[in-house]
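Worksheet: one structure, shown below.
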There are 2 protein chains.
Amino acid sequence: MPSVTRRPAGGRDRRDAIAGRVRDAVERLLVAGESFTALPVGRIADEAGIGRSTFYGHFPDKVALLIALTESATATLFDRAARWVDEDGTRDELDAVVLHHVTEYRAHAPLLRAVVEVAGYEPDVDGFWQERIVEFAASIRRRIERDQAAGAAHRSIDAGPAAEWIAWGTERAVSMHVATRPPAEDAAFARGVAGATWAAMGRLPES
Amino acid sequence: MPSVTRRPAGGRDRRDAIAGRVRDAVERLLVAGESFTALPVGRIADEAGIGRSTFYGHFPDKVALLIALTESATATLFDRAARWVDEDGTRDELDAVVLHHVTEYRAHAPLLRAVVEVAGYEPDVDGFWQERIVEFAASIRRRIERDQAAGAAHRSIDAGPAAEWIAWGTERAVSMHVATRPPAEDAAFARGVAGATWAAMGRLPES
DNA sequence: AGGGTGTCGGACAAGATGTCGCATGATCTC
DNA sequence: GAGATCATGCGACATCTTGTCCGACACCCT
């Protein structure tokens, strides 16, 4: 005789299945080139095979959906790069790190395109995205400062602005590259960015 | 006795005055923090003191208005920086060049924010903006290559990707800086970015 | 069987877009 | 000044989207 009332497993499974269908539907539509901004909720509901009012039972609005979609997708996006930064990774490792970032970015490109798009006019999304990049920039700054303290990085580099420039620059350049170039060019692009990043951190190799 | 029929100056003046009022109205609304995307045409018309249908007599739609607004505003945005690049400007000149760019960007910040925002979902605006940055990146690439040919820039820098990274990075970092920091910080930011840019071009000073 | 929850389809109100028609005002030409 | 032409403003209209609500139905649990 149970002493608490519990949600039924069947009901939860069904509810999760619907949220999953909405997610998959949005992904398909974004992959097909739809702009998130111009995408009506009714279209998403149709694509997911649910009622439009059911959508509102799961998500308060389209923006909340986007935030939910991207939280997990971007949770690990910067992990490898941040680890390289935090653990004082080497120049030899950097090509692979940037390539991994480009590859991950490309894998989530439709969603990330939507995030950047919606961040332009939605403060919640903007704040969420900025938080991600600003956090990464802070770790780059600390890395540059450590390198300078150890005499490994050139003292002409001002760690704060340089770190912001690197973090935002990488985000933007990768996003543009992924949007306009084929995957076959990823490795060369990543090598080039890695070289410029290393230099911008004040770490040009000895001539 | 005139042999051609000409539109009267008064009528043209009146027509230009209306277009100007629309421009000023949009600028005021953007400065006030309105998102261009969320701004209805009716609101712009009210702010400009014209009828909504008159708006459509002057601009086919809101996006066309934005493009018209930003074409002149951004026509010269990159001029000074491009000149520095094309005329093989020096490190000593770069601080002032970047600061000028930041200052110009800040002066047009509401409009440029709108461009980047709308570029996310409007192919015309996207193309227009990309063209600007890609052109700038190409000139940076040529500059890096000239420097490398002259033995002044480090050969570890791959000019193509580095140039893209610099161009897009600068656009994005400046836009973020202007949106989140006060003008008093512009000079320090510009110096920092100039240092990182010079380094990313493979031009770290001798230790 | 009864109760509770979730879903679907439809209706509603509000807002925005783009177009059109009509009345009025402004300007130009003779 | 009179008449013609063009531009403007207002309002109506059709369409679409958003967010909300309602009733009917399905499903699950006790």
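Since this is a predicted model, take the numbers as computed values, not measurements. Residue numbers start from 1 in every chain, and the chains themselves are labelled A, B, ... in the order their sequence lines are given, proteins ahead of strands.
- Here the straight-line distance linking atom CD1 of I166(B) with atom CH2 of W198(B) works out to 11.0 Å at 0.5 Å rounding.
- The minimum heavy-atom distance linking H177(B) with D186(B) is given by the pair NE2-OD1, 2.7 Å.
- Figure legend: cation-pi geometry between R172(B) and W165(A) absent, as NZ or CZ is not positioned both under 6.0 Å from the six-membered ring centre and within 45° of its axis.
- A donor and an acceptor atom, one from each side chain of W129(A) and E171(A), are located under 3.5 Å apart.
- Near DNA chain C, meaning a heavy atom under 4.0 Å away, the residues from residues 38-52 of chain A are G49(A), I50(A), G51(A), R52(A).
- In the displayed structure, E93(A) atom CD is contacted under 6.0 Å by more than 12 heavy atoms of other residues, nucleotides or ligands.
- Each end of the helix from dA1(C)-dT30(D) to dC30(C)-dG1(D) gets its own rotation axis from five pairs of C1' atoms, and the angle between them is 0° to the nearest 10 degrees.
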Pick out the pairs of N or O atoms, protein on one side and nucleotides 20-25 of chain C on the other, that lie under 3.5 Å.
none

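- R132(A) has no carboxylate O lying under 4.0 Å from a charged side-chain N of E71(A), or vice versa, which leaves the two without a salt bridge.
- A 6.0 Å sphere centred on CD of E135(A) holds no more than 12 heavy atoms belonging to other residues, nucleotides or ligands.
- When each of T74(B), V22(B), L111(B) is tested with L69(B) by the rule side-chain contact (heavy atoms from CB on, under 4.5 Å), just one qualifies, namely L111(B).
- The pair R28(A)-D24(A) does not count as a salt bridge, with every side-chain nitrogen at least 4.0 angstrom from each carboxylate oxygen.
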Review point. H101(B) and F78(B): ring pair (Phe, Tyr, Trp, His ring centres under 6.0 Å), yes or no, with the steps?
Key: CA-CA 7 Å; H101(B) 185 77; F78(B) 292 96; 5.2 Å; yes
